[in-house]
Every structure is written in C-alpha cells, then in structure tokens.
There are 2 protein chains.
Amino acid sequence: MESAKQFRKRNAILACLRASKAHPSAETLYQMLQKEQPDISLATVYRNLALFKSQGIISSVATVNGVERFDGTTEPHVHFVCTGCGAVQDLLQVEQPDYSGFAQRLGCRIDTTQLTLSGLCRDCLGNTRKSPKS
Amino acid sequence: MESAKQFRKRNAILACLRASKAHPSAETLYQMLQKEQPDISLATVYRNLALFKSQGIISSVATVNGVERFDGTTEPHVHFVCTGCGAVQDLLQVEQPDYSGFAQRLGCRIDTTQLTLSGLCRDCLGNTRKSPKS
DNA sequence: TATCAAAATAAGAATGATTATCAAATAGAA
DNA sequence: TTCTATTTGATAATCATTCTTATTTTGATA
C-alpha cells in the first residue's frame, strides 16, 4: 500500500545467486541471504533453486563433497573445481567445445555440455609448498 | 584349506565394476554383486569404492539424481548422461580435449578433465514420440 | 598346524543434504 | 475488501553416504 513493495524471496534468491561468482551451494546461498532476508527458510532456497533449474534459467555445475553447486546462468563455460578447498571457479579463458552437432550421429539429443577441470587452485598449491613465498 | 580360495570382497567389487559398462552406483554395484557375494555389505562397497578412488584406479564420472556413478578406469573419455532414464554411457567416438597444459597459465594444478554431455538417449527419445516405431 | 597382530568385513547406527508436508502468510484479481 | 491460488516457514521424512564396533579373515611366523 505505502511502503516499498517487498521483493519475493524468490527474486532475492535468484539475484543473490547471480551476484555471486562463487557457485554457491543451497546452504551457502541461504547464509548469504540472511543479511537481507533474515526470515528466509532453507527449504525456500532449495525449492526455488529446483524451480529455476527446471525453468532452465540457472544450472548446477558441480557436486563438491556431496553438495550441489549452482551457477546463475546457463551460458556454457568451463569450470575448475579445487579438490583442496572446494572452490568452483569459471574458466572463461578456456573455450568450451560445442558437441551439439554430434547428436544425430550419436542417436541422442544433447541438451547441455559440461566441461570441468579439477585439481588444486593457486592458493591450495601455495599452502602445500614447504617454504611459503618469502 | 582345501576348497578354492575365496576371493576377497574387495577384488570382487573391482572386478564387477570393471566388467560393467553402465557406470553403476554403489547401490547398483551392491545389487549386482549379490549373486556371487550373497553376504556382502553395502558399507563394504562404499568403503572399497572410496579406497579405489583414493588410489586412483577408478573414477567417479557423474552424479545423477544425487547419486554418484563410477567408472572402472581412469582413462579420460567423454560421457553422456541421459536425463530421462539416468543412464551413463561412454562416448568413445568423441575426443576429449586435453587441458593439462593450461595449468601454468591458470595458476593451478589440473589433475582431471571431465567432459559430460547430457540430454535424452535414443530410447528415451523414442518413448517421447507420439507414435512409436511401426 | 597353532598363534598372533593387522587388515577387512557385516550390521546397523549416525550423519548430512535434499525433499515432502502442511498450515499460515501473501499476492493478485474481481 | 474478499476470494483463491501461490508462496513460504517450520519441521518431519527420506535417502545416499559415512562411521562405529564387534567379529572374521588374512598373512606371517614359530
């Protein structure tokens, strides 16, 4: 009626995911949202992430230590998963090949292509070294 | 003492995984093993799969509907995941690019490269059609 | 073969991520 | 406002995976 119309939780969740480059899990997203949506429920986060995914407006890009990680876009690009700290980052420098043309040859319909590299990120590599950078 | 020496469960698990091309889950592997190892425990399957993975002699190639799927080798190759039936198949026809050389440029250590296509397999495509093949 | 320590296992409890349930709150149209 | 459909919060339920512990098996050695 008078005050600024409150955004739906749904909008806040999508905005928060899109604002992040960390490919958060549902739980992490829930924690990030607490600041602006203190009364949000974890179930709502899960529920809406599932909805967005079914609508094709977000994607899940990896499962790290049994936890699903999300990306606010569906633009195809390569990801790097650090097996040390669990971080997931975009590798925009690496071109993702397009295999959609193979569908007919393979007898199937290809909807998505996901290329994921994994290993140790720069930080985790550094922490492994005997002598840290002097 | 006298009878043929019984194989360890561990060996049976690895052999069963290697004999399969279906990229089974731990649970599916457990069910497949029941014939020859009726008294095997599901925990043993999980335990040994984790061991094999840490030894680098098997790999987990996908998570389908929240369930981890395994491959008896670590030879890099492309996989196709059907979002209809959950089947995971090798795509040996599709060459998997090698990005290990990017490590230095990216400042990280790349251990594995995983390329996964997903969509609908031939069977699930067929079942979608209004009129099945006459 | 008997004995012993280390490794492997079965059974089931515990954990933790995700999903389902349902009553209450909210949005949007009339 | 009033009505109805949608969305949500709280929490219970589910399900994959891991942990625990007592027991069994292995392999070495005497």
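Reminder, nothing fancy here: chain letters follow the sequence lines and each chain counts from 1.
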Shortest side-chain distance from [X], nucleotide among [options]:
X: A:Glu68; options: D:dG9, D:dC19, C:dT18; value: C:dT18
X: A:Arg8; options: D:dA16, D:dT26, D:dT8; value: D:dT8
X: B:Leu42; options: D:dG27, C:dA10, D:dT17; value: D:dT17
X: A:Lys9; options: D:dG27, D:dT8, C:dT18; value: D:dT8

### Query
Using the ring of each side chain (for Trp, its six-membered ring), is B:His79 parallel, tilted or perpendicular to B:His23, with breaks at 30° and 60°?
perpendicular
Could you state the [atom1]-[atom2] distance from [X] to [N], rounded to the nearest angstrom?
X: A:Asn65; N: D:dA16; atom1: CG; atom2: P; value: 19 Å
X: B:Ile13; N: C:dA10; atom1: CD1; atom2: P; value: 8 Å
X: B:Gln37; N: C:dA10; atom1: CD; atom2: P; value: 8 Å
X: A:Asp39; N: D:dT11; atom1: CG; atom2: P; value: 14 Å
X: A:Arg10; N: D:dG9; atom1: CZ; atom2: P; value: 11 Å
X: A:Tyr30; N: C:dT19; atom1: OH; atom2: P; value: 17 Å
X: A:Arg69; N: C:dA17; atom1: CZ; atom2: P; value: 12 Å
X: A:Asn11; N: D:dT6; atom1: CG; atom2: C1'; value: 13 Å

### Task
Identify, with sequence neighbours excluded, every residue that meets side-chain contact (heavy atoms from CB on, under 4.5 Å) alongside B:Cys121.
B:Phe80, B:Cys82, B:Cys85, B:Gln89, B:Asp123, B:Cys124
### Query
Do A:Thr74 and A:Ser59 meet the criterion of a side-chain donor-acceptor pair at a distance under 3.5 Å?
no
### Message
What I want to check is whether the side chains of A:Thr63 and A:Glu68 have a donor and an acceptor closer together than 3.5 Å.
### Response
no
### side chain to side chain donor-acceptor pair (under 3.5 Å) partners of residues 99-111 of chain B, not counting sequence neighbours, each pair once
B:Asp98-B:Ser100, B:Arg109-B:Asp111
#### Entry: Atom of B:Thr44, atom of B:Lys9 and distance for their closest heavy-atom approach
CG2-CB, 4.2 Å
### Residues from residues 44-53 of chain B lying under 4.0 Å of DNA chain D - heavy atoms
B:Tyr46
### Message
Strictly by Watson-Crick or wobble contacts shorter than 3.5 Å, is anything paired with D:dA30, and which nucleotide is it?
### Response
C:dT1
### Task
Kindly say whether A:Gly72 contributes a backbone atom to a donor-acceptor pair with the side chain of A:Arg18 at under 3.5 angstrom?
yes
#### Entry: Residue whose nearest DNA chain D nucleotide is more 5′ - A:Ala43 or B:Gly66
A:Ala43
